[in-house]
Participant: 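There's a structure below that I have some questions on.
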Amino acid sequence: MITTIKNILNNIKIHNFERIIIELILLTMLFNTNIIVGVVFLLIIIFEILLSKDTKNMLFIFIFLSFFDEKIQIKQLGGSVSRIIMLFILLKLAIQIIKNKIKPNKFHIGVIIFFTISFIVGVIEKNINMEVFVTIFNIFLFICFSITLNLENNEEIEDFIEKLCYTIVIAVLCASIYGLITISFFKDVRGDTISYRFKGTYEPNFMCMYLNLAILALFTIKEKVNKILYYILSALFINFAILTVSMTGLGVLLVSIIIYFMFYIKEWKKLLKELGIIFLISIIMFFGIKIVKIESLMEHVNSNNQNNSEVINEVENSQPIEENLNNIGNTKSQVDDDDLIYLEESGIHARIRRIINQLENGKIDDLTSGRTALVRTFFKASFNRPILEILFGNNPINKKVYCDFFDRECFSHNSYMDCLYNFGIVGFGVIIGFLLYRTIKNIYVNTNITDCKYSKNIKIIRIMLLMCAVALTLYTKRMFLILFLI
């Protein structure tokens with residue numbers, strides 16, 4: 001027994017990636033149980049960063065924590081602990097760049113110039129605030145990652161992609177478990193229909209995107225994962241995605257799986273078998289959830305004297321990036337403590353019935369949760385302003401514009417409209433051209449990865465994110481940046 005423990009400890013000590021993942025799991029899952037425990041693990045992560053000789057491990061830490069930004073916060077900082085992590089990582093990267101005299105390439109210089117111009121335009125238009133600095137800082141940090149990453153051959157690139165996918169899968173699994181433990185569901189009231197949507201660690205639409213990302217990441221490393229575990233995790237992620245009741249997210253998942261099948265059409269028999277097993281397990285899990293009912297989790301939480309109303313109302317305290325488009329008014333007044341989760345006629349069933357009704361009545365704006373109305377609003381607003389802003393926007397942060405459909409100011413909930421409004425016609429053309437070029441040409445980690453065995457998987461993940469961008473604001477999100485800026 002003692003020998004076994006010593007071997008485990010020795011492996012953890014030698015294998016830095018595995019040790020860091022374990023530390024991150026403990027940090028994110030235990031942070032809110034006890035502030036002292038949380039701070040201890042935070043200090044351990046900072047210690048890992050300061051001693052790390054591998055840029056990749058720092059990047060994996062940063063990405064893992066991005067799934068928990070809304071949950072691991074320190075009030076004194078006024079935000080997520082990621083802000084502390086960001087500062088230490090930037091310090092370490094700056095030291096590496098200066099010490100090793102690493103020079104940025106044309107791509108890095110181009111991105112820096114682009115956002116510098118956007119910042120200058122913002123200064124001219126007097127639209128600069130702290131959020132602008134945070135956004136630019138975040139993008140600059142990823143540029144520093146890109147500058148310091150030095151992957152010389154396909155073997156190193158494949159190893160990086162594998163570890164990135166492991167990080168995403170484990171982080172999303174932890175986020176999903178965290179959401180279940182805290183009964184993190186959002187009550188969606190639309191007319192006479194009530195749906196309970198799984199939030200996980202963020203909000204339903206973003207959580208569904210995270211789950212899509214985890215599924216595609218799992219598809220990427222399926223040869224490295226135990227087959228039974230691969231099937232179970234895939235089915236589990238699909239069921240969590242269904243619980244978010246995000247029709248856009250589920251639609252994107254379906255299209256992504258079809259694209260995945262098309263990319264690997266030569267292996268169609270093997271893929272049909274795998275997907276068939278996954279969907280069979282998913283159906284069994286789904287009906288198992290319906291039989292067991294999630295109310296049993298509610299009783300467990302009550303027995304531990306947790307405040308359910310506080311958990312369910314966390315949406316009020318979230319950053320107003322993806323507010324519920326249909327619940328106009330005070331969310332808190334719409335939520336009852338005893339009214340948590342019901343999966344019989346609510347959730348996905350109610351959403352499908354509502355979609356059919358809206359299609360029959362031609363209510364396109366209602367069908368899209370007002371997103372089509374927001375597209376029209378932001379498109380008009382992008383051209384109804386001074387010529388300088390029409391051409392170059394005003395600054396890189398997301399903004400609200402008054403929308404008649406909601407009778408209030410709203411975010412666009414559309415990355416493409418955000419780019420047009422924030423960066424103007426010129427900036428919009430540059431960004432779209434950049435995204436398409438890197439996706440089509442398979443440019444990643446500063447090189448063409450066409451000969452890499454994971455090149456198709458990276459392209460599929462990128463296409464999935466570009467589809468999600470139609471309904472979400474993504475261009476400032478780390479999951480988006482790591483797939484396009486690195």
Side-chain angles (χ1 to χ4, degrees), residues 158 161-177 180 198 200 204-291 343 347-349 351-352 355 439 442 449 452-468 470-471 479 483:
E158 288 167 5
I161 293 174
E162 286 173 7
K163 288 181 178 178
L164 175 62
C165 289
Y166 275 117
T167 302
I168 291 170
V169 169
I170 295 171
V172 174
L173 179 62
C174 289
S176 301
I177 294 172
L180 279 184
F198 182 59
N205 295 317
F206 260 104
M207 191 63 199
C208 192
M209 185 204 71
Y210 290 158
L211 289 159
N212 290 353
L213 187 61
I215 291 167
L216 295 179
L218 193 56
F219 284 2
T220 303
I221 55 173
K222 64 182 181 180
E223 302 300 331
K224 302 286 183 178
V225 180
N226 177 276
K227 213 66 175 175
I228 296 176
L229 183 61
Y230 163 66
Y231 290 139
I232 293 174
L233 283 178
S234 297
L236 193 61
F237 287 142
I238 288 173
N239 272 276
F240 278 127
I242 292 172
L243 286 177
T244 65
V245 198
S246 172
M247 303 312 293
T248 302
L250 292 172
V252 168
L253 175 60
L254 178 60
V255 174
S256 298
I257 291 174
I258 292 172
I259 293 173
Y260 178 80
F261 188 85
M262 291 171 62
F263 272 40
Y264 291 95
I265 192 67
K266 292 182 180 180
E267 305 173 23
W268 68 272
K269 290 184 179 180
K270 179 183 177 182
L271 288 180
L272 276 180
K273 179 183 176 181
E274 289 181 357
L275 293 174
I277 294 173
I278 290 171
F279 286 125
L280 179 61
I281 297 174
S282 298
I283 291 170
I284 294 172
M285 282 185 179
F286 181 76
F287 283 102
I289 292 172
K290 288 173 69 67
I291 293 171
L343 297 177
I348 196 74
H349 303 90
R351 198 77 185 269
I352 292 173
I355 287 173
T439 301
N442 251 344
I449 62 168
C452 169
K453 66 180 180 180
Y454 298 127
S455 61
K456 292 181 181 178
N457 300 84
I458 292 297
K459 183 173 287 189
I460 294 167
I461 292 174
R462 282 174 162 175
I463 292 171
M464 183 274 291
L465 290 174
L466 291 174
M467 286 191 290
C468 286
V470 174
M479 279 301 98
L483 267 301

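The chain is numbered in sequence order, starting from 1.
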Participant: Can you give me the closest heavy-atom contact between Leu211 and Ala241, atom names plus distance?
Facilitator: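 Shortest heavy-atom contact: CD1-N, 3.4 Å.
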Participant: I need the minimum non-hydrogen distance between Leu213 and Ile461, along with the two atoms involved.
Facilitator: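 Minimum heavy-atom contact is CD1-CG2, 3.5 Å.
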Participant: Looking at Thr220, Thr439, Ile161, Leu216, which one forms a side-chain contact (heavy atoms from CB on, under 4.5 Å) with Ile458?
Facilitator: Ile161
Participant: Find the distance between SG (Cys468) and CD1 (Ile463) and round it off to the nearest 0.5 Å.
Facilitator: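 Going from the SG atom of Cys468 to the CD1 atom of Ile463 covers 12.0 Å.
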Participant: Starting at CZ of Phe237, measure out to CD1 of Ile278 and round the result to the nearest 0.5 Å.
Facilitator: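 Going from CZ on Phe237 over to CD1 on Ile278, the span is 11.5 Å.
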Participant: Minimum heavy-atom separation for Ile232 to Met285, with atom names?
Facilitator: O-CE, 3.7 Å
Participant: After noting the C-alpha distance and the side-chain angles of Met209 and Thr248, does the key distance pass the side-chain contact (heavy atoms from CB on, under 4.5 Å) rule?
Facilitator: CA-CA 9 Å; Met209 185 204 71; Thr248 302; over 6 Å; no
Participant: Using the side-chain contact (heavy atoms from CB on, under 4.5 Å) rule, take Val225 and Tyr166 through it: C-alpha gap first, then chi angles, then the decisive distance, then the call.
Facilitator: CA-CA 10 Å; Val225 180; Tyr166 275 117; 4.3 Å; yes
Participant: Quick check against the 3.5 Å criterion: does Asn212 have a side-chain atom that pairs as donor or acceptor with the backbone of Gly249?
Facilitator: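 Yes, because the side chain of Asn212 sits within donor-acceptor range (under 3.5 Å) of the backbone of Gly249.
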Participant: Return the minimal non-hydrogen interatomic distance between Val255 and Met467, and the atom names on each side.
Facilitator: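 So the two residues come closest at CG1-SD, 3.7 Å.
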Participant: For the residue pair Phe198 and Phe240, categorise the inter-ring angle as parallel (less than 30°), tilted (30 to 60°) or perpendicular (more than 60°).
Facilitator: parallel
Participant: Step by step, work out the side-chain contact (heavy atoms from CB on, under 4.5 Å) result for Glu162 and Tyr454.
Facilitator: CA-CA 9 Å; Glu162 286 173 7; Tyr454 298 127; 2.6 Å; yes
Participant: In Å and rounded to the nearest 0.5 Å, what is the CD1 to CD1 distance from Ile258 to Ile460?
Facilitator: 12.0 Å
Participant: If you measure from CD1 on Ile238 to CD1 on Ile257, what distance do you get to the nearest 0.5 Å?
Facilitator: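 If we round to the nearest 0.5 Å, Ile238:CD1 and Ile257:CD1 are 5.5 Å apart.
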Participant: For residues Ala217 and Cys165, report the shortest heavy-atom separation together with the two atoms involved.
Facilitator: O-CB, 3.7 Å
Participant: Determine, stepwise, if the pair Tyr264 / Lys270 fulfils side-chain contact (heavy atoms from CB on, under 4.5 Å).
Facilitator: CA-CA 10 Å; Tyr264 291 95; Lys270 179 183 177 182; over 6 Å; no
Participant: Roughly how far apart are Ile168 CD1 and Ile221 CD1, rounded to 0.5 Å?
Facilitator: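 Answer for the CD1-CD1 pair, Ile168 versus Ile221, is 9.0 Å.
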Participant: Salt bridge or not between Glu267 and Lys273? Use side-chain N to carboxylate O under 4.0 Å.
Facilitator: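 Looking at Glu267 and Lys273, the cut-off is not met.
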Participant: Taking all non-hydrogen atoms of both residues, which atom of Asn239 and which atom of Ser282 are closest, and how far apart?
Facilitator: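 For Asn239 versus Ser282, the nearest heavy atoms are ND2-O, 3.1 Å.
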Participant: In terms of heavy-atom contacts, does CD1 of Ile265 have more than 12 from other residues, nucleotides or ligands at under 6.0 Å?
Facilitator: yes
Participant: First locate atom CD1 of Ile170, then atom CG of Leu218, and finally report the distance between them rounded to the nearest 0.5 Å.
Facilitator: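 Interatomic distance, Ile170 CD1 to Leu218 CG, rounded to 0.5 Å: 10.5 Å.
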Participant: Quick one: salt bridge (charged side-chain N to carboxylate O under 4.0 Å, His left out) pairs with a partner in residues 452-463, sequence neighbours left out?
Facilitator: none
